[in-house]
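Report on the following structure.
Sequential numbering from 1 along the given sequence is applied to the chain's residues. Ligands are counted one by one from 1 in listed order, and the atoms in each one are counted from 1 as well. The analysis underlying the following values was restricted to heavy atoms, covering all of them including side chains, and did not include hydrogens, waters or symmetry mates.
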Amino acid sequence: MQITLHDKVFEPYIKEGAIQNRITTLAEQLSDDYKGRLPVFISMLNGAFWFTADLLKSYTGTCEISFVKFKSYHGLQSSGEVAQHIGLDVDLNGRDIIIVEDIIDTGKTLHVFLELIEKQRPASVKIVTLLFKPSAVKYPIKPDYLGFEIPNDFIVGYGLDYNGLGRNLNDIYVIKPE
Ligand code: IMP
Ligand code: MG
C-alpha cells in the first residue's frame, strides 16, 4: 500500500521480513569477525537507531555502544554541509571501531566523521551500513558490511525520514515518480 508523507507519495520497497533476515546475517558475520575482541559500535543518529538496535540484538559478542549525531539532509537532497549535534563520549585510542549507518548516499557524513575519529588513533575502523547508493557516492567511502545496495532513489522508513516523517515505518518505501 502506498503512503503519503508531507507532499510526496511512497511505495513499498523492502519489506520488514527481508530487512530482518539480512540484519541477522550481518550480525552473525560481525559476531564471527570480532570473536574474542571488544569492539565499540558507534551508531549514527537519528537514522541508524533502529538498525543499530536490531543488529546488536543479534550480535553475540561483548561490545560497547555509543551514539553520535550528524545532520546533512534537508528534504530530498544532501545539503553538502555536515553539522555535528551530539559528540563522541568514548576514548577511541587503540580500540576496534564499527560505525553503524542507516545509509551511505554521497558519503560526506562518514567522510567527515572518519577524519574526526582517525585523530584518536583507533586500532581499526570498519563500516556497517544497511543501505548503500553506489551511484550517489562522491567521497572515497566503501562499506565493509552491507545490507542492501540500492539505486539513487529517495527512500523512507526503518529509521529514514523525509523532513522528519517516516522513521517509525517497519518497511522501507521508495518515492513514487511524479
Ligand atoms: P551522505 O552524507 O550524503 O552519505 O548522507 C548520509 C545521510 O543522509 C544518511 O545517514 C541519511 O540520514 C540521509 N539520507 C541519505 N539518503 C537518504 C534517503 O534516500 N532517504 C532518507 N535519508 C537519506
Ligand atoms: Mg544517517
Side-chain angles (χ1 to χ4, degrees), residues 1-16 18-19 22-23 26 30 40-56 65-88 97-119 125-178:
M1 210 180 55
Q2 60 184 38
I3 53 159
T4 302
L5 300 171
H6 298 298
D7 57 334
K8 303 282 181 213
V9 179
F10 295 84
E11 337 181 274
Y13 187 50
I14 310 175
K15 290 283 190 193
E16 185 181 3
I19 299 170
R22 191 73 193 105
I23 292 175
L26 289 174
L30 284 162
V40 187
F41 286 90
I42 302 180
S43 173
M44 309 289 285
L45 296 173
N46 289 329
F49 78 97
W50 207 339
F51 176 45
T52 306
D54 285 337
L55 182 73
L56 294 186
I65 307 165
S66 189
F67 297 87
V68 292
K69 182 165 172 174
F70 288 85
K71 243 187 189 159
S72 67
Y73 246 65
H74 290 289
L76 302 175
Q77 294 276 323
S78 181
S79 68
E81 275 169 43
V82 179
Q84 188 165 6
H85 292 262
I86 298 176
L88 264 172
I97 315 300
I98 305 164
I99 302 173
V100 186
E101 250 297 22
D102 49 357
I103 185 165
I104 299 175
D105 184 55
T106 65
K108 174 129 193 183
T109 310
L110 279 184
H111 179 73
V112 168
F113 186 52
L114 283 171
E115 281 192 337
L116 245 158
I117 61 179
E118 291 295 349
K119 287 185 190 144
V125 181
K126 300 280 183 195
I127 299 167
V128 54
T129 186
L130 181 63
L131 301 145
F132 180 44
K133 294 180 183 171
S135 55
V137 164
K138 293 191 187 130
Y139 293 83
I141 299 288
K142 259 180 57 192
D144 301 286
Y145 301 88
L146 168 63
F148 301 94
E149 203 168 281
I150 61 168
N152 194 6
D153 297 322
F154 190 78
I155 55 168
V156 293
Y158 197 74
L160 292 146
D161 73 305
Y162 169 45
N163 273 342
L165 302 185
R167 292 196 197 276
N168 59 320
L169 296 163
N170 291 12
D171 302 322
I172 292 173
Y173 291 75
V174 64
I175 197 161
K176 197 174 170 182
E178 280 170 10

Any non-hydrogen side-chain atom of [X] less than 4.5 Å from a side-chain atom of [Y]?
X	Y	value
Val156	Leu165	no
Ile150	Ile103	yes
Met44	Asp102	no

Is ligand 1 less than 4.0 angstrom away from at least one heavy atom of [X]?
X	answer
Glu101	yes
Leu160	yes
His111	no

Which of the numbered atoms in ligand 1 are under 4.0 angstrom from any heavy atom belonging to [X]?
X	answer
Asp161	21 (C)
Gly107	1 (P), 3 (O), 4 (O)
Lys133	16 (N), 17 (C), 18 (C), 19 (O)
Thr109	1 (P), 2 (O), 5 (O), 6 (C)
Ile155	18 (C), 19 (O), 20 (N), 21 (C)

Does any N or O in the side chain of Asp144 come within less than 3.5 Å of the main-chain N or O of Ile127, such that one atom is a donor and the other an acceptor? yes
To check you understand the geometry: which heavy-atom pair defines the closest contact between Phe51 and Leu130, and what is its length? CE2-N, 3.5 Å
Please report the closest heavy-atom contact between Asn170 and Tyr158, naming both atoms and the distance. O-CD1, 3.9 Å
